[in-house]
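Quick note on labels: first sequence line is chain A, next is B, and so on, each numbered from 1. These figures come from a predicted structure and were not determined experimentally.
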Protein chains: 2
Amino acid sequence: MDDATALRSAGLRVTAARLAILDSVRAGSHQDAERIARGVRSRVGHASTQAVYDGLHALSRAGLLRRIEPAGSPARYEVRVGDNHHHLVCRRCGEVADVDCTLGEIPCLEPSSDRGFVIDEAEVVFWGVCPRCQEEGASPDERG
Amino acid sequence: MDDATALRSAGLRVTAARLAILDSVRAGSHQDAERIARGVRSRVGHASTQAVYDGLHALSRAGLLRRIEPAGSPARYEVRVGDNHHHLVCRRCGEVADVDCTLGEIPCLEPSSDRGFVIDEAEVVFWGVCPRCQEEGASPDERG
DNA sequence: TCGTTTTTTTGAATAACTCAAGATAGTTTC
DNA sequence: GAAACTATCTTGAGTTATTCAAAAAAACGA
């Protein structure tokens with residue numbers, strides 16, 4: 001299914017801005033709204049920041065994009081939706097990488113007690129330091 | 001160990017504001033900075049917002065408080081530190097509840113691939129709807 | 001092609017913090 | 001206990017990421 005069809009079947013209109021958003025998000029990795037806006041502009045010439053925010057909301061609501069918000073960084077978006085994957089986040093530079101879930105199908109979806117909550121999602125974030133920052137951290141002139 | 005001693009052994013000075021912060025955080029459940037500031041003021045009469053932010057940072061850095069930032073709500077703080085517990089977050093009202101980790105000691109700390117990251121923490125958030133919001137959602141006049 | 005409804009633009013507003021400089025007050029030292 | 005040192009607090013401004021609102025423009029079904 002192409003993007004236009006996906007938009008339509010989600011009840012959304014097909015606009016240049018939204019196609020460009022999907023395209024931009026797909027081209028990068030866990031980008032934030034500003035970076036996506038730049039990608040959109042490079043594709044369609046002009047788009048207001050607000051249109052990008054609105055589009056990102058609409059597409060997330062429709063399930064065409066997934067929004068993640070790691071502590072300390074602005075919201076980021078990805079096209080990989082519907083599977084149960086999690087994220088590695090670098091404490092130093094904020095870089096985000098995907099990881100499949102370790103534990104089978106609907107894994108972490110079983111807390112020891114749900115305290116009466118009706119749970120629909122288990123979100124897992126692995127915090128650490130990415131390979132690049134490890135190298136930089138090892139060089140003397142970067143040390144605090 | 002009382003709070004004053006804990007502060008001192010963390011290399012921090014003992015001030016009325018910081019004692020009040022610890023006290024306030026302990027008294028509530030996963031409160032945000034503004035709510036904590038109110039608690040502090042009710043205890044010591046006056047404290048600037050900035051002093052509360054600074055105190056919360058210092059205490060978190062020192063390991064006396066834990067900071068969590070669920071997507072969509074401001075940072076929240078708790079005194080339960082050092083154990084490996086996770087959180088239930090209500091999608092509707094933002095309420096946060098603690099849950100012990102399901103899977104043993106250092107549980108989810110094993111992603112299927114670490115992609116070269118050096119991981120120090122696995123954060124798990126269970127998203128759902130809290131008991132109170134379930135009731136409200138069930139009543140006709142709340143329905144959308 | 002018309003009309004309806006969604007989307008986009010423009011411009012302002014907000015929440016939640018952060019930054020900076022000087023005043024104040026813990027703590028250590030004598 | 002007083003002085004000195006430096007962490008903490010106050011005050012006030014600044015920032016980032018995002019939301020709100022109203023009018024203009026563009027999709028799409030009829």
Check your understanding: What integer distance in Å separates Leu59(B):CG from dT8(D):C1'?
Key -> 12 Å
Revision key, fill the gap. Separation of dT6(C) atom P from Leu7(A) atom CG, nearest Å, is 15 Å
**Study point:** Between dT6(C) (P) and Arg61(A) (CZ): distance, integer Å
**Key:** 12 Å
Point to revise | Rounded interatomic separation in angstrom, taking CD1 from Ile68(B) and P from dA16(C) | key: 15 Å
Check your understanding: Going by an N to O cut-off under 4.0 Å, is there a salt bridge joining Glu78(A) and Arg26(A)?
Key -> no
Study note, to complete from the structure: Per-nucleotide protein contact along nucleotides 23-30 of chain D, 5' to 3', at a 4.0 Å heavy-atom cut-off (B base, S sugar-phosphate only, - neither), is ---BBS--
Check your understanding: Between His46(A) and dT8(C), does any side-chain N or O lie under 4.0 Å from OP1 or OP2?
Key -> no
Exercise for review: For His30(A), check ring-ring contact (aromatic ring centres under 6.0 Å, His included) against everything at least two apart and list the hits.
Suggested key: His87(A)
Identify each atom pair where a protein N or O and an N or O of nucleotides 16-20 of chain D are less than 3.5 Å apart, giving names and distance.
{"residue": "dT18(D)", "atom": "OP1", "partner": "Ala75(A)", "partner atom": "N", "Å": "2.9"}
{"residue": "dT18(D)", "atom": "OP2", "partner": "Tyr53(A)", "partner atom": "OH", "Å": "3.1"}
{"residue": "dT19(D)", "atom": "OP2", "partner": "His57(A)", "partner atom": "NE2", "Å": "3.3"}
{"residue": "dT19(D)", "atom": "O4", "partner": "Gln50(A)", "partner atom": "OE1", "Å": "3.3"}
{"residue": "dC20(D)", "atom": "N4", "partner": "Gln50(A)", "partner atom": "OE1", "Å": "2.8"}

**Study point:** Whole-Å gap separating P (dC17(C)) and CZ (Arg35(B))
**Key:** 15 Å
Study note, to complete from the structure: Atom CG of Leu19(A) and atom C1' of dT7(C) are separated, to the nearest Å, by 13 Å
Using residues 37-47 of chain B as the side-chain source, report each donor-acceptor pair under 3.5 Å to any protein atom, sequence neighbours left out, with the distance given to one decimal.
{"residue": "Arg41(B)", "atom": "NE", "partner": "Ala47(B)", "partner atom": "O", "Å": "2.8"}
{"residue": "Arg41(B)", "atom": "NH2", "partner": "Ala47(B)", "partner atom": "O", "Å": "2.9"}
{"residue": "Arg41(B)", "atom": "NH2", "partner": "Thr49(B)", "partner atom": "OG1", "Å": "3.2"}
{"residue": "Ser42(B)", "atom": "OG", "partner": "Gly39(B)", "partner atom": "O", "Å": "2.8"}
{"residue": "Arg43(B)", "atom": "NE", "partner": "Ser24(B)", "partner atom": "OG", "Å": "3.0"}
{"residue": "Arg43(B)", "atom": "NE", "partner": "Gly39(B)", "partner atom": "O", "Å": "3.0"}
{"residue": "Arg43(B)", "atom": "NH1", "partner": "Asp23(B)", "partner atom": "OD2", "Å": "2.9"}

Point to revise | Shortest non-hydrogen separation from Trp127(A) to Ala71(A) and the atoms involved | key: CH2-O, 3.5 Å
Exercise for review: Hey, could you give me the CD/CZ distance between Glu69(A) and Arg76(A), rounded to the nearest 0.5 Å?
Suggested key: 11.5 Å
Which side-chain N or O atoms in residues 10-21 of chain A pair as donor and acceptor under 3.5 Å with protein atoms at least two apart or in another chain?
{"residue": "Thr15(A)", "atom": "OG1", "partner": "Arg18(A)", "partner atom": "N", "Å": "3.2"}
{"residue": "Arg18(A)", "atom": "NH2", "partner": "Asp54(A)", "partner atom": "OD2", "Å": "2.8"}

Practice item. Select base, sugar-phosphate, or nothing to describe what Ala17(B) touches, counting heavy atoms under 4.0 Å on all strands. Key: sugar-phosphate
Revision key, fill the gap. Here the gap from Arg35(B) atom CZ to Ser29(B) atom OG, rounded to the nearest 0.5 Å, amounts to 9.0 Å
Exercise for review: Pick out which of Ser73(A), Cys130(A), Pro131(A) makes a side-chain contact (heavy atoms from CB on, under 4.5 Å) with Cys90(A).
Suggested key: Cys130(A)
Review point. What's the CD1-C1' distance between Ile21(B) and dC9(D), to the nearest Å?
Key: 11 Å
Check your understanding: Sequence neighbours excluded, which residues qualify as side chain to side chain donor-acceptor pair (under 3.5 Å) partners of Tyr77(A)?
Key -> Arg67(A)
